[in-house]
Amino acid sequence: MKQSEDIFSGNKSGFLAYGLVMFFILTIGFLGNVLTLFVLIRPEHRRRNLTPLMINLALADIFIIIFGYPLVIQANIRGNLPESSHCIWGAFVNGTVGIACIFTLTEMSVVSYIGLKQVNRNSRFSARQNVYLIGASWMYGGLCMLPPLLGWNRYVVSASRLSCCPDWVGRSAADTAYNLLLVFFGFFIPIVAIVICYYKIYSLVRRNIVPGNLEVQLRQRSSRIKLVRITATSVAAVMLSWAPYSFVSLAATFTGKQVIELWEAEIPELLAKASVVYNPVIYVIMNSQFRASLFRILRLRRRDTVPLIVTTYRYSVRPSADRRHNNMEQSRGISLLKIPSTAESQILRQVTFKNM
């Protein structure tokens, strides 16, 4: 207890700042990911290949917000170091979820490449394939964080004294080997795979479209390129948030000591923890269909019934001898269409041509 008092006594302002930042992260992250789930289960989003993986990311973020962070934060609020059992649980859950999310983003990059490559074919994944992809991400994360539970390395209080992590400054060869393998498999291998996928996507976009229904292919291609951009932005945000923590951890592993001071050590950890906020924000900013669905859920736009003028042109084509006598009859009809009131000015006339 004396050690805890020494740690927190001179850092009241820093601890308050940490508490406020974590409260913001947990609140915005929870609300944003819950709303993301409500949007992604709507019919207009369910049929996309990336949707199950996006749902997996949202569920992972909600899981860590509810079951990962609060136990350690509760100890911080009391002014104590995390208990041993809470420390082990928090470090294992945080690491597993973090690596599972990075692996899921890697899978999203691969799926984006496959979807863009097979734009003229049915590249929709089956439910079983989606289960395999989601299960693989969680198994990968769990296997990366399992060795400390079996005696290879250990979970200890981090340099900031506010959370827990693997023992990055362990002096034994086994500790060093695990730390290097963890960063290598948990961070660098996914980055390499993602870079390769997006290089292939970039090369694919520069090529001509394969023969077929060009109009349909162009429409599908445009839609999938938008999803690729959103995925790439999510990947960049998560990787940038985890990169400082990974490099600081590697530096501690190579030097055998912490390379930054007490409260400075929490900055890389906060950046990594803030990754639970990024995806919902990116979806809202970059995806107009996601944004429209979210506004409908929040009832931010009123749907009115306005008349739509439908004009039908009827052509009479007579035998070739009398083609100079062609005439055209025009009939007008009015039907009702429900559209958002904000789009009333954009109503276009629908014209149907019928050959007789």
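This structure is a prediction, so every number in the text was calculated from the model and none was measured. The basis for the numbers below is simple: all heavy atoms, side chains too, and nothing from hydrogens, waters or symmetry mates. For reference, positions follow the sequence shown, starting with 1.
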Would Ser275 and Trp242 satisfy side chain to side chain contact (heavy atoms under 4.5 Å, CB included), going step by step from the backbone distance to the final call? CA-CA 8 Å; Ser275 62; Trp242 278 94; 3.8 Å; yes

In terms of heavy-atom contacts, Pro148 and Met145 come closest through CD-O, 3.4 Å

Just wondering, do Val277 and Asp61 contact through their side chains at under 4.5 Å, heavy atoms? no

Chi angles and distances behind the side chain to side chain contact (heavy atoms under 4.5 Å, CB included) call for Thr96, Leu146: CA-CA 9 Å; Thr96 298; Leu146 182 62; over 6 Å; no

Distance check, rounded to the nearest 0.5 Å: Tyr155 atom OH versus Asp167 atom CG? 12.0 Å

Taking C-beta and beyond as the side chain, do Leu270 and Ile25 meet within less than 4.5 Å on heavy atoms? yes

Could you measure the distance from the CG atom of Leu31 to the CD1 atom of Ile62? Nearest 0.5 Å is fine. 10.0 Å

Taking Arg291 for the side chain and Val284 for the main chain, is one N or O donor matched with an acceptor at less than 3.5 Å? yes

Separation of Thr253 OG1 from Arg171 CZ (nearest 0.5 Å): 11.5 Å

Which heavy atom in Gly142 sits nearest to a heavy atom in Phe92, and how many Å separate them? O-CE1, 4.1 Å

Have Asn33 and Asn279 got a donor and an acceptor in their side chains that come within less than 3.5 Å? no

Would you give the length of the straight line joining atom CZ of Phe103 to atom CG of Leu133, rounded to the nearest 0.5 angstrom? 8.5 Å

Check this for me: Phe30, atom CZ, are more than 12 non-hydrogen atoms of other residues, nucleotides or ligands nearer than 6.0 Å? no

Do Trp168 and Val183 touch side chain to side chain, with heavy atoms closer than 4.5 Å? yes

When clusters are formed by joining ILVMFWY residues with side-chain heavy atoms under 4.5 Å apart, either directly or through shared neighbours, do Ile189 and Phe247 land in the same one? yes

When clusters are formed by joining ILVMFWY residues with side-chain heavy atoms under 4.5 Å apart, either directly or through shared neighbours, do Val276 and Ile285 land in the same one? yes

Can you give me the closest heavy-atom contact between Gly68 and Val93, atom names plus distance? CA-CG1, 3.9 Å

Kindly work out whether a path of hydrophobic side-chain contacts (I/L/V/M/F/W/Y, heavy atoms less than 4.5 Å apart) joins Leu240 to Ile282. no

Do you know the tightest heavy-atom contact between Ala60 and Trp138? CB-CZ2, 3.7 Å

Could you walk me through whether Met54 and Met108 pass the side chain to side chain contact (heavy atoms under 4.5 Å, CB included) check? CA-CA 8 Å; Met54 295 168 70; Met108 290 174 67; 3.7 Å; yes

Mind listing the closest non-hydrogen atom pair of Ala174 and Trp152 along with its distance? O-NE1, 2.6 Å

Does one side chain, of Asp175 or Ser172, offer a donor that lies under 3.5 Å from an acceptor on the other? yes

Take Arg48 and Leu40 through the test side chain to side chain contact (heavy atoms under 4.5 Å, CB included) and record every step on the way to the result. CA-CA 10 Å; Arg48 293 178 175 175; Leu40 293 177; over 6 Å; no

Step through the shown structure and confirm whether more than 12 heavy atoms of other residues, nucleotides or ligands are within 6.0 Å of CZ on Phe24. no

Within the side chain of Tyr198, is there an N or O that forms a donor-acceptor pair under 3.5 Å with the backbone of Ala232? yes

Would you find a donor on one side and an acceptor on the other, under 3.5 Å apart, between the side chain of Trp89 and the backbone of Phe67? yes

Donor-acceptor pair between Ser158 and Ser163 side chains, under 3.5 angstrom: yes

How long is the straight-line distance from CG of Leu298 back to CZ of Phe38, given to the nearest 0.5 Å? 10.5 Å

One pair to check against side-chain hydrogen bond (donor to acceptor under 3.5 Å, both in side chains): Arg42 and Gln289. What are the steps and the verdict? CA-CA 11 Å; Arg42 292 178 67 89; Gln289 188 175 12; over 6 Å; no

Should Ile297 and Val281 be counted in the same cluster of Ile, Leu, Val, Met, Phe, Trp and Tyr side chains packed under 4.5 Å apart? yes

Between the side chain of Thr36 and the main-chain N/O of Pro280, is any donor-acceptor distance below 3.5 Å? no

Hey, what do you get for NZ (Lys273) to CD1 (Ile64), rounding to the nearest 0.5 Å? 9.0 Å

Less than 4.5 Å apart, side chain to side chain, heavy atoms only: is that true for Cys87 and Val157? yes

Heavy-atom check, side chain of Ile194 versus side chain of Met239, under 4.5 Å: yes

Are the side chains of Leu294 and Tyr283 in contact, using a 4.5 Å heavy-atom criterion? no

Do Ile66 and Met22 belong to the same hydrophobic cluster, where Ile, Leu, Val, Met, Phe, Trp and Tyr are linked whenever their side-chain heavy atoms lie under 4.5 Å apart, directly or via other members? yes

Taking every non-hydrogen atom, the tightest pair across Pro190 and Thr106: CB-OG1, 3.3 Å

State, with a plain yes or no, whether a side-chain heavy atom of Ile201 is found less than 4.5 Å away from one of Ser112. yes

Taking Asn153 for its side chain and Pro147 for its backbone only, find out whether a donor-acceptor pair lies under 3.5 Å. no

Test item: Leu105 and Ser234 side chains (from C-beta on) under 4.5 Å apart, heavy atoms: yes

